[in-house]
Amino acid sequence: MNYNFKKIEKKWRDWWKSNKTYSVTEDLTKKKFYVLDMFPYPSGSGLHVGHPLGYIASDIYARYKRLNGFNVLHPMGYDSFGLPAEQYAIQTGQHPNITTENNIKRYREQLDKIGFSFDWDREIRTSDPKYYKWTQWIFKQLFNSYYCSINDKACHISELIKEFEINGNKKVQSPCDGDTQLFDSKEWVNFNEKKQQEILLKYRLAYLSDTWVNWCPALGTVLANDEVKDGYSERGNFPVEQKKMRQWSLRITAYANRLLNGLNNIDWNSSIKEMQRNWIGKSKGALIKFKVAKNVNSVEVFTTRPDTIFGVSFMVIAPEHPIVHKITTKKQYQNVLDYCNDVSLKSERDRQSNNKNITGVFSGSYAIHPLTKKTIPIWIADYVIASYGSGAIMAVPCGDQRDWNFAKKFNLDIPNIFKNTDVSESANESLECTIINSDFLNNLNSRDAIKKSISTIEKLNIGTIKTNFRIRDAVFSRQRYWGEPFPVYYKDDTPYILNNNSCLQLPKINKYLPTKEGNPPLARAKKEDWNIFDGEKMEYNTMPGWAGSSWYFLRFMDPNNNYEFVAEEKVNYWGQVDLYMGGAEHAVGHLLYSRFWTHFLFDLGYLKFQEPFKKLINQGMILGRSNFVYRKTDTSEFVTYEKRHNYKTTKIHVDIGLVNNDILDVEKFTQWRPEFSNAKFILNDSGNYLCGFEIEKMSKSKYNTQSPDELIEKYGADTLRMYEMFLGPIEQYKPWDIKGINGVHNFLKKLWRLTHNEKNKLIVTDVNPTKEEYKSIHICIKKITQDLERFSFNTIVSHLMICLNELINQDCNKRKIITDYIILLSPYAPFICEEIWSSLGHSSSINDAKWPKFEEKYIKEDSINYPIAFNGKMRFTLNLNCKLSKKEIEEIIIKNPKTINYLNNNQLKKIIIVPNKIINIVF
RNA sequence: GCCCAGGUGGUGGAAUUGGUAGACACGCGGGACUUAAAAUCCCGUGGGCAGUAAUGUCCGUGCGGGUUCAAGUCCCGCCCUGGGUACCA
């Protein structure tokens, strides 16, 4: 008698494939249900145990919905453009397409083994020209659109041109670049082609602008934030600086309000919504103009606390602010220049997180306070970010902690404007206070003072009320090879959309590196290497990783359509994703961009819904244990963990495959990556290189992944599926550990033994179940159904175990009970259940069975075992009939000898009876 | 720094709406079967104190306060860990 999972799983894998058990088509007679996973990036290290966690959960839910009669769309594909394949191409010269193809093959094998109910006929790959043709198509729509704030939707650019021809842009209410000039219709008509295109570009939803990038001069390329460690490139250890570069951006800010309000209409957990709200960062405040003394310029500041305007004692502007050059005095020129150069080496995150080491420089100029007319010094400091608000602030040290810290450091005034509040030790950021020393705002509380200050500022014409968003337009180009090429060419330095409807394919190039001039790899392609070529040159940038993933859920509905990105009748049938399962690390990236594109396609009339994902579950990450080596800065020498503090070092991830018990295999390490081939090591006293470790996100870039393959080999996919669910709540983060997998494997073995004899023949009887047996299975039906509805996947495993233990104790292998039981189990362990189902005599798949119906009558009890507590502490239990009234219960309790004992002569104050829950005796 | 989570036995976790803290497993200890091992089955298992025992009793859900008849759960203030922070996806 043995549970031969290998044989069973192979058998049903093949059967499902040849019977197309999981393929699905539109069926108007059935209710649809769309279950989607965040599709993976197929990395070279294969699927790791963290990936299936979400896939298993959603697969269970998809199977559950199907058992309840729904037509379930449950597809899978690959987000197959990305950095690692390109990195590998740079190292080996192999085309990323080959790497990607191999990786996908491996992923598919791994996914197949786990027994997912994916409809593989719908597979898509973002790097497939048949797919990215439509990603390019959406880009074309964005390019050809502008946002009309009057209609509050995206419109075709031709409507804007019409308006320009009639009225110029004076009446236009549309988000556009800050430097857009005003013109009338006559001027418009007289502009030449280039000028007109230049102006239109300022309104398009896809537009060109100068944005900051991490530029690594030594590598001649732009680096991802991920690839920069402490101001140096992770690859090669070269200095990285901030540089402005002309790039495509998408005007997501035009949708800020709708993206914010749309959150109210979707069933996501509140923390993710909160993160998106904060990311969008809507804040109301005022834009106030400060004139610069002895200078023609003025500086606008954005503040959410105009009530504190009389507390201003200096002004701070961002080092990148264009006005810096205009207001810096001769005397301060060198200081300011040096400071701005220093800052350009720092990343934005460093600037924001580093609040211990406050830096700044005086510009030499003063601003005139618009109300008091006093002069205040203008400083330049990196804690002010150029891209937020107006890139300048009025500093109120008594009311803002960062301003306070800055004032302390540079010995600036801290005037107090708060009644009965001490600001000598820290700033007062609370709104619960009364304003003083503030002229017309005196004795108002902050909330009223905000209103009054704004109305006064507007009346005096020194500022305006302004709603500001923290969200910035999304930079949409990358200086990479392995991404979607833009369907764009240039003529006279002006970008134009390709008129050709075919896919613009990635051209072949000889090397995947940037050119000597610092142009992206695509600049290596000659004219004849492009399948379509127009104008003087093609766009050399490619689209970012999130382009393809921003709309893939739509393509799954109609993956092979060559005429449209999705057919109308199909998108109308499948509609929104009903359940979207994926990692919380995508909270603001992918999930926000997808929402943006869906809103946009809705505006264009292609979709009937604005929000892509109705219900979202964030599976908590499975965390991995990472190892680190410590590289001495500017060298290729590595210091053992114990001695790392003796040197200035950078912490670098090292593949856990090269490490055993935290000890590095030095030999393997030098062979791991070419740049480490001449690595030298400073070892510890035992002659070893000890690595540091951390528990963090399991990710290929952290080299800490673990594959599910061995576990499937050893225990089978059913066990893996159940174990991943049994680990804990789906939404919780948990470190990976295979202790305990035996428990669920034993459970499946026990089920096998209950239902099979020594010869592996099914043994079920047709005898009618007993009352107790009915009770066991119906409690199980109830709990599992309830828990599935609330996505509590881990507790279901426990309920299944409890029920099986009871059935074993009852020696129950009765057909009626076993049939219900394996249907309940089948979403979790589809292979073993399909096997038993077929042994029970069914010719169709268990997936087409009906979910058992819970019946109250089987679990009804006459009495309940009440816990009796004294002052909240449980002392004993008492079995009481359910029909008893509160008064009758009270009488029984008081008379009980145990009660008298526990009261111990104390005066009884009252008895609290919570029906069906607890009885508490207060004394 | 900022935003968002999480912290319960030796371990993963359970406790759905404020109502018996530790379900279900792992691990560990003891026993049965066996020449032996594996497999399987049975019993015990948060900590302290008292008792031969049944049992009794006190402590206990990161730390410090608070609300309540009753707090892992609600409120206030901390600490630690993880995720995101706009070019990893």
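Since we're looking at a predicted model, the values are computed, not measured. Because only heavy atoms are used, hydrogens play no part in the values below, and waters and symmetry mates are left out as well, while side chains stay in. Chain naming here is simple, since letters A, B, ... match the order of the sequence lines and numbering starts at 1 in each.
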Student: Is the side chain of A:Asp473 donor-acceptor paired with the backbone N or O of A:Ile252 at a distance under 3.5 Å, no angle test?
Tutor: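 Between the backbone of A:Ile252 and the side chain of A:Asp473 there is a qualifying donor-acceptor contact (under 3.5 Å).
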Student: Between A:Ile741 and A:Asn746, just flag the one whose closest nucleotide in RNA chain B comes earlier from the 5' side.
Tutor: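 Final value for this comparison: A:Ile741.
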Student: When you get a sec, tell me which of B:C3, B:U20, B:C87 is the closest nucleotide to the side chain of A:Asn278?
Tutor: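 Comparing B:C3, B:U20, B:C87 against the side chain of A:Asn278, the answer is B:C3.
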Student: Can you classify the ring geometry of A:His590 versus A:Tyr580 as parallel (below 30°), tilted (30 to 60°) or perpendicular (above 60°)?
Tutor: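 The arrangement is perpendicular - the two ring planes meet at more than 60°.
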Student: Can you tell me how far C1' in B:A32 sits from the matching atom in B:A39, rounded to whole Å?
Tutor: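 Taking atom C1' in both B:A32 and B:A39, they lie 14 Å apart.
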Student: Which word best sums up how the rings of A:Phe553 and A:Phe613 line up, parallel for under 30°, tilted for 30 to 60°, or perpendicular for over 60°?
Tutor: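 Plane angle over 60°, so perpendicular.
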Student: Between B:C78 and B:C2, how far apart are the P atoms? Round to whole Å, please.
Tutor: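 Each nucleotide's P atom is 11 Å from the other's.
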Student: Compare the minimum distances between each of B:C87, B:G19, B:A89 and the side chain of A:Ile918, then state the nucleotide with the smallest one.
Tutor: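 Output: B:G19.
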Student: For the rings on A:Trp551 and A:Tyr131, is their centre-to-centre separation under 6.0 Å?
Tutor: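 Centroid distance A:Trp551-A:Tyr131: below 6.0 Å, so yes.
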Student: Between A:Phe476 and A:Phe486, what is the ring plane arrangement, given parallel below 30°, perpendicular above 60°, and tilted in between?
Tutor: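 Perpendicular: the ring planes of A:Phe476 and A:Phe486 meet at over 60°.
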Student: Using a 90° cut-off around 0 for syn, call B:G9 syn or anti.
Tutor: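 Base orientation relative to the sugar is syn.
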Student: Would you say the side chain of A:Arg277 and the base of B:C3 hold a donor-acceptor pair, judged only by whether the two atoms sit under 3.5 Å apart?
Tutor: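 Check fails, no donor-acceptor contact within cut-off.
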Student: Looking only at N and O atoms, is any donor in the side chain of A:Asn920 or the base of B:C69 less than 3.5 Å from an acceptor on the other one?
Tutor: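 Flag set: donor-acceptor pair detected.
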Student: For the residue pair A:Tyr723 and A:Tyr715, is the inter-centroid distance of their aromatic rings smaller than 6.0 Å?
Tutor: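 Ring-ring flag for A:Tyr723/A:Tyr715: false, centres at least 6.0 Å apart.
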Student: Is the distance from OP1 or OP2 of B:A39 to the nearest side-chain N or O of A:Lys749 less than 4.0 Å?
Tutor: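 The answer is no; no side-chain N or O of A:Lys749 sits under 4.0 Å from OP1 or OP2.
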Student: Sort by first number and list every stem of RNA chain B: at least 3 consecutive Watson-Crick or G-U wobble pairs, both distances under 3.5 Å.
Tutor: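 B:1-7 with B:79-85, B:10-12 with B:24-26, B:27-32 with B:40-45, B:46-50 with B:55-59, B:62-66 with B:74-78 - these are the stems of 3 or more pairs that involve RNA chain B.
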Student: Would you indicate what A:His799 reaches in the nucleic acid, counting non-hydrogen atoms under 4.0 angstrom: base, sugar-phosphate, or nothing?
Tutor: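 No contact at all - A:His799 keeps every heavy atom at 4.0 Å or more from the nucleic acid.
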Student: Can you figure out which of B:U16, B:A86, B:C87 approaches the side chain of A:Ala224 most closely?
Tutor: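 Shortest atom-to-atom distance from the side chain points to B:C87.
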Student: What is the distance from CZ of A:Arg472 to C1' of B:C2, rounded to the nearest Å?
Tutor: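 Nearest whole value for this atom pair: 13 Å.
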Student: Is A:Arg480 salt-bridged to A:Glu86, going by a charged N under 4.0 Å from an acidic O?
Tutor: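 A:Glu86 and A:Arg480: not salt-bridged.
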Student: Counting any heavy atom closer than 4.0 Å, what does A:Lys873 reach on the DNA or RNA strands: base, sugar-phosphate only, or nothing?
Tutor: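 The answer is sugar-phosphate, as A:Lys873 gets under 4.0 Å only of primed atoms, P, OP1 or OP2.
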Student: Using a cutoff of under 3.5 Å, can you pull out all pairs of nitrogen or oxygen atoms linking the protein to nucleotides 5-14 of chain B, with atom names and distances?
Tutor:
unit_1: B:G12; atom_1: O2'; unit_2: A:Leu727; atom_2: O; d: 2.5
unit_1: B:G13; atom_1: OP1; unit_2: A:Gln732; atom_2: NE2; d: 3.4
unit_1: B:G13; atom_1: O5'; unit_2: A:Leu727; atom_2: O; d: 3.3
unit_1: B:G13; atom_1: O3'; unit_2: A:Asn794; atom_2: ND2; d: 3.3
unit_1: B:A14; atom_1: OP1; unit_2: A:Asn794; atom_2: ND2; d: 2.7

Student: For A:Lys917 and A:Asn225, find the nucleotide of RNA chain B closest to each by heavy atoms; which residue's nucleotide sits nearer the 5' end?
Tutor: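 Going by which nucleotide is closer to the 5' end, it is A:Lys917.
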Student: Between the side-chain atoms of A:Gln87 and the base atoms of B:C88, is any donor-acceptor pair under 3.5 Å?
Tutor: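 Answer no: no donor N or O sits under 3.5 Å from an acceptor.
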Student: Salt bridge or not between A:Glu320 and A:Arg351? Use side-chain N to carboxylate O under 4.0 Å.
Tutor: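 Salt bridge between A:Glu320 and A:Arg351, a charged N being under 4.0 Å from a carboxylate O: yes.
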Student: Nearest to the side chain of A:Met275 - B:C3, B:C26, B:C87?
Tutor: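 Side chain of A:Met275 sits closest to B:C3.
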Student: Over 60° means perpendicular and under 30° means parallel, so classify the ring planes of A:Tyr902 and A:Phe876, tilted if in between.
Tutor: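 Aromatic pair A:Phe876/A:Tyr902 classed parallel.
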